[in-house]
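See structure below.
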2 protein chains.
Amino acid sequence: MTRPSHVRPRAARTVSTSAVASADRPTAPKLQSHGRVFNFSAGPACLPAAVLEQAQADLLNWQGSGMSVMEMSHRGKEFIAITDKAEADLRSLLSIPDNYKVLFLQGGASTQFAAIPLNLAEEGDKADYVVTGAWSKKAIGEGKRFLLANAAATGDNKSIPDPSTWNLTEGAKYVHYCANETIGGVEFKAPPSVGDAPLVVDMSSNFCARPVDVSKYGVIYAGAQKNIGPAGVTIVIVREDLLGRARASTPAMLDWSVAAKDGSMYNTPPCWSIYMCGLVFAHVLANGGLEAVEANNEKKAKLVYDAVEASNGFYASPVAREARSLTNVPFTIPSSPDLEKAFIAEAAQAGMVQLKGHRSVGGMRASIYNFMPLEGVQTLADFMREFAARHA
Amino acid sequence: MTRPSHVRPRAARTVSTSAVASADRPTAPKLQSHGRVFNFSAGPACLPAAVLEQAQADLLNWQGSGMSVMEMSHRGKEFIAITDKAEADLRSLLSIPDNYKVLFLQGGASTQFAAIPLNLAEEGDKADYVVTGAWSKKAIGEGKRFLLANAAATGDNKSIPDPSTWNLTEGAKYVHYCANETIGGVEFKAPPSVGDAPLVVDMSSNFCARPVDVSKYGVIYAGAQKNIGPAGVTIVIVREDLLGRARASTPAMLDWSVAAKDGSMYNTPPCWSIYMCGLVFAHVLANGGLEAVEANNEKKAKLVYDAVEASNGFYASPVAREARSLTNVPFTIPSSPDLEKAFIAEAAQAGMVQLKGHRSVGGMRASIYNFMPLEGVQTLADFMREFAARHA
């Protein structure tokens, strides 16, 4: 370690660069053969090792610039090149039509829950929300601060309500739904038909997990920290004709047209998170694009659901078969909550971490996003079978 | 590079992990003896090499956890330890009293320009703004969307208006000012006395550049990307009695009391940026704290201002002596704008980058934040003298 010349200790001290003193360090888990754990976190989530290695190699001196990406002016030529390439590669991955803007914003999907009504409707206007779980419930809750938000349908956290029963509102400014409920593991397999109102979709937990037809949507938004990068950046893909409608009381930082006008640089963007997403996009493009991602994700999901189905009722999936998520797989051990605790603890000891289900659902949840390796899911499925055999 | 097993190329391809194709790469600058440039960017800005090296070492496997910090669940024990230590160290650095909450938020100071009136006042309420440059002008502009924002004083971008002339409003919900104007280089040397209204200060460009008495303020806020870390996180330090007052139309993500209640984890926080700030805080604590930072910053600023003063008018500072910023030093070559262009170009060739002044001010600007090494400023001052001698 070099000590920068400008900060002089007042007295002799040891330079401590550890974020956590050794006494406070968590117990080290068993690492897999590749020197890391299999991390089933619901997000932030695992990233490709090749991408992390690239970020590591360039950390103090990006591409000969003499600077870390974390140190660059966001208006300098180096960072502009990074952000332009990130956007171009995302457009390429999703075949985003030219009449859509791509915004790199801050604040997560939760900030968009407010931005959506502020950008698309006036106070007193109506909008429809399809409520299929915890996140769409949060979205409508926040929406109600800003307009008349109608629950067009409310699911049972286990299935998608039949679209023929949806109570859509005449003159709704938009229809909002959550493509994949991270907590419940309930996923739409295709965009619903909702008539003329713009379709607004929260894709936070299945963004870029498969190809999508962007032209079906008015607005697609997603936090990055599950399938495409680290936390700290939110992607908003918005059809251009929906810009310029924000109500007067919209904070400038929540106004999509302000962000679109300045290339997402109205103020300093979350540079490192955008850079990391860019590395991920380039990596995915170079490895077969979203078709390859989807094929692999389907293979992974099948491994876990098959392990549930083959367990003769030892494991159960709370979700109806046709609505089962590709990326978040909750499962339980109906015979005993104590066995669930043991399952989670033993899996962690074996280097499979973050398998505890959300507190509102209980049981286990395997989040198997884009960069969970097939090997990790295979290891989990094998453990599920072995654990069931021991306890059945 | 290892290729993750789950993404299979459809055809043989070369894995490209470069963010920018080689043809698009910026020309490599001259690097200094430590292998990097001296980066005078107004932000994001340079970070301590020791901190970057620590982040690099732990990038794929933080402290034996088997995960990158970018991959960790924000609710896992590892990241909770990181964020708790970051907050504790910042409290220690600034001696933050117990009746203040420390929030790690997203969206930059620009988001706070809206959050401040939304959290502290109802529509129709009054607040005072002291306008000393571009950023306080932006703050009052955004404030006007949400309440009656009064310009209690308006400066000339060169000095601080005499506080005895300020037109403070009876019953103002707060008084806002910008402690350091990044663009103009105009800085308050101490908090102004404004009576009973809570003092709200934007410290984005001089946060942690010296010790401050937090108890003088109702709210201190600052983007991280100049003096304490990378872009993507904004620190808000708020006196507890000012929480719980947000108006009903406040987006949840802009409501400080929501963030305070959930330890800044109402949703997924910008984990990597918080981690990096934590490494910086620990580094500063271990190297003499803010007293040492201030002494060094004063030494650095003196080098540049002295080079201006000693140039017999070749260089000029637009800012009145008593308001000159410790961290952002604009200067011009009054005899010739063409010489300014040559200065900036020659400095860049010599490995001193980002010295161009803001387009609204022109000339040069040396941003010499906490982690610009003394050696970098000495190199600049030497270059200034040599350049003047050549062209005087």
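Here the structure is a predicted model, which means the values were calculated and not measured. Here is the naming used below: chain letters follow the sequence lines, and residue numbers restart at 1 for every chain.
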**Message:** Counting heavy-atom pairs closer than 4.5 Å to chain A, which one of Ser73(B), Pro270(B), Ala231(B), Ser41(B) comes out on top?
**Reply:** Ser73(B)
**Prompt:** If you measure only the distance, is there a donor-acceptor pair under 3.5 Å linking the side chains of Asn297(B) and Lys300(B)?
**Reply:** yes
**Message:** Can you tell me how the ring of Phe371(A) sits relative to the ring of His283(A), calling it parallel under 30°, perpendicular over 60° and tilted otherwise?
**Reply:** perpendicular
**Message:** Please rank Leu60(B), Asn267(B), Asn61(B) by heavy-atom pairs under 4.5 Å with chain A and give me the top one.
**Reply:** Leu60(B)
**Asked** With chain B, which of Leu31(A), Leu118(A), Asp84(A) has the greatest number of heavy-atom pairs at distances under 4.5 Å?
**Response** Leu31(A)
**Glu123(B) (side chain) donor-acceptor with Phe146(B) (main chain) under 3.5 angstrom** = no
**Atom group of Lys356(B) that falls short of 4.5 Å from chain A, counting heavy atoms** = neither
**Request:** Go through Gln225(B) and Thr268(A) one step at a time and tell me if the side chain to side chain donor-acceptor pair (under 3.5 Å) criterion holds.
**Result:** CA-CA 8 Å; Gln225(B) 69 271 12; Thr268(A) 312; 3.2 Å; yes
**Prompt:** Between Met67(A) and chain B, which part of the residue has a heavy atom less than 4.5 Å away: side chain, backbone, both or neither?
**Reply:** both
**Asked** If you count heavy-atom pairs under 4.5 Å with chain B, which of Pro230(A), Gly232(A), Ala45(A) comes out on top?
**Response** Ala45(A)
**Asked** To the nearest 0.5 Å, how far apart are CD in Gln63(B) and OG in Ser65(B)?
**Response** 8.0 Å
**Prompt:** Taking Gly278(B), Ser249(B), Pro269(B), Gly376(B) one by one, which has the highest count of heavy-atom pairs under 4.5 Å against chain A?
**Reply:** Ser249(B)
**Prompt:** Between Ser273(B), Ala109(B), Ala248(B), which residue shows the highest count of heavy-atom pairs closer than 4.5 Å to chain A?
**Reply:** Ala248(B)
**Asked** Of the listed residues (Gly141(A), Cys46(A), Ala115(A)), which shares the most heavy-atom pairs with chain B below a 4.5 Å separation?
**Response** Cys46(A)
**Prompt:** Quick one: does Tyr369(A)'s side chain have a donor or acceptor within less than 3.5 Å of a partner on Ala42(A)'s backbone?
**Reply:** yes
**Request:** Select one option (side chain, backbone, both, neither) describing which atoms of Tyr266(A) are under 4.5 Å from chain B's heavy atoms.
**Result:** both
**Contact leader toward chain B among Gly76(A), Ala252(A), Gly35(A), where contacts are heavy-atom pairs under 4.5 Å** = Ala252(A)
**Message:** Can you tell me which of Met253(B), Arg36(B), Gln354(B) forms the most heavy-atom pairs within a distance under 4.5 Å of chain A?
**Reply:** Arg36(B)
**Item:** Backbone N/O of Ala114(B) and side chain of Glu142(B): donor-acceptor pair under 3.5 Å
**Value:** no
**Prompt:** Under the 3.5 angstrom rule, does the side chain of Arg365(B) hit a backbone N or O of Thr182(B) as a donor-acceptor pair?
**Reply:** yes
**Asked** Side-chain contact, heavy-atom cut-off 4.5 Å: Ser367(A) with Lys226(A)?
**Response** no
**Request:** Let me know if Leu254(A) has heavy atoms under 4.5 Å from chain B in its side chain, its backbone, both or neither.
**Result:** side chain
**Contact origin within Leu52(A) toward chain B - heavy atom pairs under 4.5 Å** = both
**Request:** Spell out, as yes or no, whether a donor-acceptor pair under 3.5 Å connects the side chain of Gln106(B) to the backbone of Gly107(A).
**Result:** yes
**Prompt:** Taking Val69(B), Thr250(B), Ile274(B) one by one, which has the highest count of heavy-atom pairs under 4.5 Å against chain A?
**Reply:** Thr250(B)
